[in-house]
Amino acid sequence: MNYNHKEVEKKWQEIWEEKEVFKASNNSDKPKYYALMEFPYPSGAGLHVGHPRGMTALDVIARKRRLEGYNVLYPMGWDAFGLPTENYAIKNKIHPRIATDQNIKVFKRQIKSLGFSFDWSREIDTTDPSYYKWTQWIFLKLFEHGLAYKSKATINWCTSCKIGLANEEVEGGKCERCGGEVVQKEKEQWMLKITEYADKLIEGLKETNYIERVKTSQINWIGKSSGSEVNFNIKGTDKNIKVYTTRPDTLFGATYMVIAPEHPLVQEMAEKLENLSEINMYKEEAKKKTDFERTELVKNKTGVELKGIKAINPVNNEEVPIWISDYVMMGYGTGAIMAVPAHDDRDYEFAKKFNIPIRQVIAEEFLGEGKDKIREGKPFAKRKNVHVIVKHWSEEKILYLDWGKHGWKSLVIGGIEDGEKAEDAAIREVKEETGYQDIRSVKAFGFEYHSKFYAVHKDINRHAIVSTVVIELESDEYIEPKKQEKELHLAHWIDIKGADKVIDVKDNLGELYTFINGETPYTGDGVLINSEFLNGLKVEEAKEKMTEWLIEKGIGQKKINYRLNDWVFSRQKYWGEPIPMVHCDKCGYVPVPYENLPVELPYVKSYEYTDTGESPLAKMTDWIKTTCPTCGGEAKRETDVMPNWAGSSWYYLRYMDPHNDKEIASKDVIKYWDKVDWYNGGMEHTTRHLLYARFWHKFLYDIGVVPTSEPFNIRTSHGMILASDGNKMSKSKGNVVNPDEIVDAQGADTLRTYEMFIGDFEKTVAWSENGVNGCRRFLDRVWKLSDKVILGDEYSKDTESMIHKTIKKVTDDYENMKFNTGIAALMTLLNKYNEKENITDADYKVFLTLINPVAPHITEELWTIKGYKGMINEQAWPKYDKEKLVDDTIEVPIQVNGKLKAKIVIDKDEEEASVLEKMRCELQGMFDGKEIVKEIYVKGKIINVVVK
RNA sequence: GCCGAAGUGGUGGAACUGGCAGACGCGCUGGACUCAAAAUCCAGUCCUGUUAAAGGGGUGCGGGUUCGAUUCCCGCCUUCGGCACCA
């Protein structure tokens, strides 16, 4: 018989369906396993070859689990609300309902043709009123618990889609979907208080087994930072400005303040401001800028000073100017900052541009290492030092001192005497130590630092407070240095590039780098200076002390901030779940009573959007008109709908009990299925979707609907599949591979095998037609192998240990999503079988079972053709015997000085002495005239002989 | 700029905990079968060298640790992701 994939695949898909082979039971004695693949968005484009990648991976797991004796839930459904369908419907003038049904039909046929073991009796559709009834139910619960609120807020407005976007939907200042310009617009929006769960969402990750990458992206997305809020009084008023800072330790260095353009202070202080019109002009300009411009023009800072008012720095009562600038955002912290130009890149840049004073309050601290390591027991001698970078008059060179017998190579260094300026000390030291006299210019660095090291020539520990000065020499005018200086060290010229590798005194290097790379503010760790009661403390200690001080004085408090904002939950669109609220002039916003759910989406004929940004539902006057559930008076329905993240935030619960019309799912059933054991989806959903779903789940846990605080145990993400040209598949590029064509020409099993074999599951890969052919050839060989099978229910002796190894390899690899190497191991085993005249039934059975999760149709057929009992999906997953993983004889490589020279065959338990004897025999003559230094034998692995 | 991941033949990619680099697939070369082609089967395929071998080199670059490094450490370069004036 020939391998006709079309017949075989059709036949088995019908049998599986008819016998309900993959139906999950809600009560079973078997252990449960819940495998979940992200449900697709049924777009008009049909199934992409990327979809089957994740579906096959989890299908392999699901099928393997069934063979291992689990009651497996592996469901599928449709995430069908959303903009693409709505846009498609407008363009093609059909109703989104009809478009959705058509798309689902195509997707379902395509997915079914691939033979996944989905339990189709649990299929769900987020646009089905019997489903979104419960999405609305959850919204009402959120409202009931104060987590849904309507708020007038500036939102991201896509000028092209005419829709409000969540921060999450804006990429680089452009709309994520259409690429249109995004501007800020004020709008009343329903919001969900996800920020209230920010900490729980970070903490909860500990309970999960997500891949590390997913965990970190969740944490980064939430963006927790802890710091302090500090109040700055405005001079001569009772008003103050509240700022948020993570660096309260630098308060003494705060030389100005900046407020965001939208900050209400300008309004409040309008009367006092001398340059109000200039400020208002700046505000107007800032408003016009799109987010894109605002973030792209990072380098060129702009701003206007608020003239006529000053703030008071609470730590030293100094008056500081207040500026308005769009480098401060209203949406983060308090919308105002204290600026510390000496220790913040942005503040530094701004201060340089507008000539605002820069005051250093943190000194970098270098601790001596190596030769100049601090000596225990020796006292510290404190003094002010200058380190001098002496530039050559014409070449890119600097001077260094070689300290001869002390083994130092340093910059020109020396002490600063009382009352002396660092620049003067530098000139004096250069003249004394090097002999060069003719100095052209002197530049002192703004930053000083602390250096602790052992001064070898004086035999003391030195604690130097170092200033750095750059000196340029005019010419080589030279006077012999004093005898004492000359004997101590010699001066040499060295290229600036690479100088840091020669000058090995650690405490010089920081400034040397700064000199080479240009002056920058110091943002690192260090010791406080110029800060009164904080002087001498380290940054962390100073933060604490300052915070305590602020609290004590009632000026500030501890504060935690998040990058995460509340979730904008309104969309002014048609194709989404109606938000189940009504507005009554008397009672305000009133929830629709639970018993009146679902609020069904009315059938509208027109989907054209108004420029006012109203939902198309706003035109449905009949639908809008309703009565207030509280007072019975006239009321209006909410016309905003939910974003398409809503339906997907809880769908995994509905699969457990999809036809329940009393609850989202029955308590017992939720308890039985517990967490999703393994959830796989696209990389693009590892932040938003996953965060939203976890948020809702945690809320449902808090109100007692679900018994677990986290919804998913394992989370993995598959990589994208690109076209063979390395680009994204797209109609316009004409490089789209349609899965239907592969299934038709080569078969579903071939496509499945290829997608698993294509490469690292988590990586992006390019499609390869030749790769598909290779997988088909492999399956052809599996088919032909059946001709070699002879009777025998034991493994052939000569392949026994290889079979056991393969079982182990395949079992482990499937579990770790390393399908490519698992399949490679099976290919290797097949090649081995093919070298032989015959194989036994047992040899063949184990092979078929191992490849069955990947290629289920062909293995079922071969199982039946060979007349084996039952169906292959009813068999047990093969087990390996640890003892049989090791061969009786082992080939051991011999290295000489780490280079492979020969190989010998030894017995698996052979003694070391005997092995080494064999080795000497093998390498006879190779050691003539050489001395064997060492013989290393790693049991059963390798021999290495070291000779001289 | 910050964070993360990765760099291995012509190509997709393997290599346990530091132990034979290149498994497996693709492509390519030669052969068998065929009137011929396709398909299939057999052999070869990191580079250099050679009739063949021996020998030498080789996992982005430069150092280091080790009997031994794709793997560990230090310093660079490049690519791809994520975040991006987050105070």
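Chain identifiers are assigned alphabetically (A, B, ...) following the order of the sequence lines, protein sequences preceding nucleic acid strands; residue numbering begins at 1 within each chain.
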Can you check the A/E684 CD to B/C83 P distance for me, whole Å? 12 Å
Interatomic distance where OH belongs to A/Y256 and C1' belongs to B/A87 [whole Å]: 11 Å
C1'-based separation of B/U70 from B/G18 [nearest Å]: 11 Å
With heavy-atom distances below 4.5 Å as the criterion, would you say the side chains of A/V854 and A/Y814 are in contact? yes
Taking for each residue the nucleotide of RNA chain B bearing the nearest heavy atom, is the 5' side occupied by A/C775 or by A/D345? A/D345
Mind checking if A/S217 touches a base, just sugar-phosphate, or nothing, with heavy atoms under 4.0 Å? nothing
Distance check, P atoms only: B/G58 and B/G22, in whole angstrom units. 16 Å
Check RNA chain B for consecutive Watson-Crick or G-U pairs with both distances under 3.5 Å and list the runs of at least three as stems. B:1-7 with B:77-83, B:10-12 with B:24-26, B:27-32 with B:40-45, B:46-48 with B:55-57, B:60-64 with B:72-76
Applying side chain to side chain contact (heavy atoms under 4.5 Å, CB included), run through A/D326 and A/K301 and close with a yes or a no. CA-CA 8 Å; A/D326 62 6; A/K301 297 233 175 338; over 6 Å; no
Can you check whether A/I721 reaches A/E755 side chain to side chain, under 4.5 Å on heavy atoms? yes
Ring-plane angle category for A/Y3 and A/W783, please: parallel below 30°, perpendicular beyond 60°, tilted otherwise. parallel
Length of the CG-C1' vector between A/D813 and B/C24, whole Å: 12 Å
Round to a whole Å and report the spacing from CG of A/N831 to P of B/U40. 14 Å
Distance check needed: B/G82 P versus A/I211 CD1, whole Å only. 15 Å
Over 60° means perpendicular and under 30° means parallel, so tell me whether A/F354 and A/F350 are parallel, tilted or perpendicular. tilted
Ignoring hydrogens and angles, state whether a donor on the side chain of A/D813 or A/T821 is under 3.5 Å from an acceptor on the partner side chain. yes
Determine: side-chain N/O of A/R346 to OP1/OP2 of B/G1, distance under 4.0 Å, yes or no. no
Hey, which sits more toward the 5' end of RNA chain B by its nearest nucleotide, A/N220 or A/A336? A/N220
Checking one value: the base orientation of B/G9, syn if chi is within 90 degrees of 0, otherwise anti. syn
B/G13 to B/U8 separation - C1' atoms, rounded to the nearest Å: 9 Å
Ring geometry between A/Y754 and A/W767 (parallel below 30°, tilted from 30 to 60°, perpendicular above 60°): perpendicular
What is the per-nucleotide protein-contact pattern of nucleotides 9-23 of chain B, from the 5' end, where B denotes a base atom under 4.0 Å from a protein heavy atom, S denotes such proximity for sugar-phosphate atoms only, and - denotes neither? ---SSSS---BB--B
Side chains of A/D749 and A/H5: do they bring a donor and an acceptor to under 3.5 Å? no
Distance check needed: B/A87 C1' versus A/L251 CG, whole Å only. 13 Å
Measure the distance from CG on A/L751 to P on B/G25 and round it to the nearest whole Å. 20 Å
Whole-angstrom distance between B/A23 and B/G31, as gauged at atom C1': 26 Å
Counting just side-chain N and O atoms, does A/N561 come under 4.0 Å of either OP1 or OP2 of B/C86? no
Is there a side-chain polar atom (N or O) of A/K934 under 4.0 Å from OP1 or OP2 of B/G68? no
Examine B/C86: is either OP1 or OP2 under 4.0 Å from a nitrogen or oxygen in the side chain of A/N565? Give yes or no. no
What I want to check is whether the side chains of A/S225 and A/Y332 have a donor and an acceptor closer together than 3.5 Å. yes
Which one, B/G56, B/C85, B/A87, comes nearest to the side chain of A/Y244? B/A87
Do A/T302 and A/Y282 have side-chain N/O donor and acceptor atoms under 3.5 Å apart? yes
Is the closest side-chain donor-acceptor distance between A/Q746 and A/N773 under 3.5 Å? yes
A/M683 CE to B/A5 C1': how many Å, rounded? 10 Å
Distance check, C1' atoms only: B/C16 and B/U11, in whole angstrom units. 26 Å
Could you tell me if the side chain of A/Y937 sits less than 4.5 Å from the side chain of A/M919, heavy atoms only? no
Determine the interatomic distance between C1' on B/C67 and the same-named atom on B/G62; round to the nearest Å. 24 Å
Have a look at A/D780 and say if it touches a base, only the backbone sugar-phosphate, or nothing, with a 4.0 Å heavy-atom cut-off. nothing
Using the P atom as the reference point in each nucleotide, state the distance between B/G49 and B/G10 in Å, no decimals. 15 Å
Contact string for nucleotides 41-49 of chain B, one letter per nucleotide 5' to 3', B = base within protein heavy-atom range under 4.0 Å, S = sugar-phosphate only, - = neither, reads S--------
A/G774 near the nucleic acid: base, sugar-phosphate alone, or nothing, with a heavy-atom cut-off under 4.0 Å? sugar-phosphate
Between B/A54 and B/C46, how far apart are the two P atoms, rounded to whole Å? 14 Å
Can you find a side-chain donor-acceptor pair between A/D347 and A/Y327 that sits under 3.5 Å? yes
Beyond-backbone contact of A/M683 with A/T764, side-chain heavy atoms, under 4.5 angstrom: no
Hey, does A/T216 reach any base, or is it just sugar-phosphate, or nothing, if we go heavy atoms under 4.0 Å? nothing
Which nucleotide, B/G27, B/A87, B/G57, lies nearest any side-chain atom of A/Y332? B/A87
